[in-house]
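Down below is the structure, laid out as structure tokens.
Both counts, for ligands and for their atoms, begin at 1 and track the order of listing.
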Amino acid sequence: MKIETITTHPYSDQNPGTSGLRKKVKVFQQPGYLENFVQSIFDSLEGFAGKTLVLGGDGRYFNRAAIQIIIKIAAANGFGELIIGQGGLLSTPAASNIIRKYQAFGGLILSASHNPGGPDEDFGIKYNVGNGGPAPEKDTLAFYQRSQSINNYKTIIIDDIDLDNIGEQHIGDLKINIIDPVSDYAELMQSIFDFPLLRQSISAGYITLLFDAMHAITGPYAKRILVDMLGAPAESVINAQPLEDFGGHHPDPNLAHAHELAEIMFSDHAPTFGAASDGDGDRNMITGSQIFVTPSDSLAIMAANAHLIPAYAQGLSGVARSMPTSQAVDRVAASYGIPCYETPTGWKFFGNLLDAGKITLCGEESFGTGSDHVREKDGLWAVLFWLNLIARRRQPVADIVHGHWQKFGRDIYCRHDYEAVETPIANALVEHLREQLPKLPGQEFGEYTVKFADEFCYEDSVDGSISRNQGIRVGFTNGSRIVFRLSGTGTVGATLRIYIERFEPDASRQDQDAQVALAELIGLAEQFCEVKKRTGRDAPNVIT
Ligand code: G1P
Ligand code: ZN
């Protein structure tokens, strides 16, 4: 194996965001761009000689080409084995599982998650550490710093590797193991949930279901698990064929983008359960006949019912949610007497808590839920959790949700996104918000009195690390909140996210439309941040 050292020059924009480095495909296709970033990762890591690296992606455009490039750089840098999903495919949670199960040194996951794919769309790369979770901030910072001074990368000159046939290949001392991307994951799911009960509930027609794979990675996983193993009819999985451009859609599981599913779930021939997942399989949207379950509520309901699932029958050690996620799960934790942690946005902040055994379940408002079974959020796991819950409670989704609200109260919640705002406008808006923070506490706005106004700063209770500037929060004395933050995953301009919630304990007033129930707070959010005034827009691009 002859190692070549190729001269390169740094790119100034290789700072990973909330979830790895995400850019347009055309940016990644610049000479040395992907190579630099991968070499910067390897230069920042120590002790991987002879060890195993897991490699796979969501199958979007540039996935295969990127895998071939990475194989050669990994070989030249001295890894001993590469485990690669057949066809270069691995869902994000499946990759996390494989890193853990085979005790790999780490893994590279190629995905831009729910962002669109294709030659003019997005691509991404993320490094996960040996626990199977996203690299912590100290590592991603090191990758970026290295990328700013890199002047060469190592590679080998070989023909492209066959990614399509399962089995082992060797290049010099390097073993390349092409594996079935689904089987280890399916086995893990079988060890968590009550598959015999699910099979029975589906064959008896008690549960009818529809899963929208959105032409993304979960198609093969859903077909194997839901259809082959649990006996759901083949037509229960729609858009099951992964496509490089996701059929021209955003593979983003929400009511706006998963509209085919949404239409059926709100029609008079809706099945009992409907769900969707995203580009790389880590997100989930849960619906029942005539009802959409917000991700924040879903997390709270899962926590409240976890004892019904075989793997969590002993109870939960604790739960965690990202700061902008609604406080619904906090109420469950308080009632069960278990700890509830509030972390910054991004799955990487849950890793330490999971590793330390402080939490069993965690989630984010952005359609992400997961547990200690892997170190990523997990779309199909959430789907199976809900199916298991419905099978055990023998209640429709709507009854489960309404019963939960009656018991714990409802945290009425929504998020407004203003996408592709010009960066200087977004920065000025954040500055304007910051200036108001010291003056807000104590001020009254109609029925709302500000209790606190600050910028969220997180201290990790396991390693003591501090993460500052994680979103601006305005909290009111009645428990309502408005949170503002700029997205760390976008690829064009800046995206402002506004998260709004209000607690409604009165069961007779819980069945309201969120936009109506939150209208006053939505007005206050505009008063504070002036996004409409400053951008000239009259509405958010996406409401979830
Ligand atoms: C978004 C979500 C965040 C999630 C991340 C990766 O990040 O808001 O919760 O962890 O995608 O899926 P953002 O664009 O807000 O930085
Ligand atoms: Zn994703």
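Between Leu210 atom CG and Leu261 atom CG the span is 5.0 Å, to the nearest 0.5 Å. Taking NE2 of His404 as the start and CE of Met302 as the end, the distance is 12.0 Å to the nearest 0.5 Å.
No N or O atom of Leu486 sits closer than 3.5 Å to an N or O atom of ligand 1. By the 3.5 Å distance cut-off applied to N or O atoms, Arg485 is counted among the residues near ligand 1. The shortest N or O to N or O distance between Arg497 and ligand 1 is under 3.5 Å.
In this structure, the protein non-hydrogen atom closest to atom 12 (O) of ligand 1 is Lys377 NZ, 2.8 Å. For atom 1 (C) of ligand 1, the nearest non-hydrogen atom of the protein is Arg283 NH2, 3.7 Å. When only non-hydrogen protein atoms are considered, atom 2 (C) of ligand 1 lies nearest to Ser366 OG, 3.5 Å. The protein non-hydrogen atom at the shortest distance from atom 7 (O) of ligand 1 is Thr489 CG2, 3.5 Å. Protein heavy atom nearest atom 10 (O) of ligand 1, with residue, atom name and distance: Glu364 OE1, 2.7 Å.
The residues Asp120 and Lys26 are annotated as salt-bridged, a charged nitrogen and a carboxylate oxygen being separated by less than 4.0 angstrom. One finds a salt bridge joining Asp417 and Arg497 here, because a Lys/Arg side-chain nitrogen approaches an Asp/Glu carboxylate oxygen to under 4.0 Å. A salt bridge is defined here as a Lys NZ or Arg NE, NH1 or NH2 lying under 4.0 Å from an Asp or Glu carboxylate O, and Asp280 with Arg60 fails to meet this definition.
Donor-acceptor pairing under 3.5 Å is recorded for the side chains of Ser371 and Tyr312. For Asp278 and Ser113, the side-chain atoms include at least one donor-acceptor pair closer than 3.5 Å.
Close contacts of ligand 1 with Thr345, meaning ligand atoms under 4.0 Å from a residue heavy atom, involve 3 (C), 8 (O), 9 (O). Contact atoms of ligand 1 toward Gly488: 13 (P), 14 (O), 16 (O) (distance under 4.0 Å to a heavy atom of the residue).
Residue contacts with ligand 1, taken as heavy atom pairs separated by less than 4.0 Å, involve Arg415 solely via side-chain atoms from C-beta onward. Heavy atoms from both the backbone and the side chain of Ser487 come within less than 4.0 Å of ligand 1.
Qualifying salt bridge (Lys or Arg N to Asp or Glu O under 4.0 Å) partners for Asp13, counting only residues two or more places apart in sequence or in other chains: none. The side-chain hydrogen bond (donor to acceptor under 3.5 Å, both in side chains) check on Glu342 picks up Arg321, Arg473, Arg481, with sequence neighbours excluded.
Ring-plane geometry between Phe528 and Phe476 is classed as parallel, the angle between the planes falling under 30 degrees on a 0 to 90 degree scale with a further cut at 60. Ring geometry for His250 versus His257: interplanar angle under 30°, hence parallel rather than tilted (30 to 60°).
Applying the side chain to side chain donor-acceptor pair (under 3.5 Å) test to residues at least two apart or on different chains, the pairs with a partner in residues 210-220 are Asp212-Asn239, His215-Asn239.
Counting only distances under 2.8 Å, and ignoring water, the protein N, O or S atoms around the Zn ion (ligand 2) are Ser113 OG, Asp278 OD2, Asp280 OD1, Asp282 OD1.
Under a 4.0 angstrom heavy-atom cut-off, Gly346 registers as being in contact with ligand 1.
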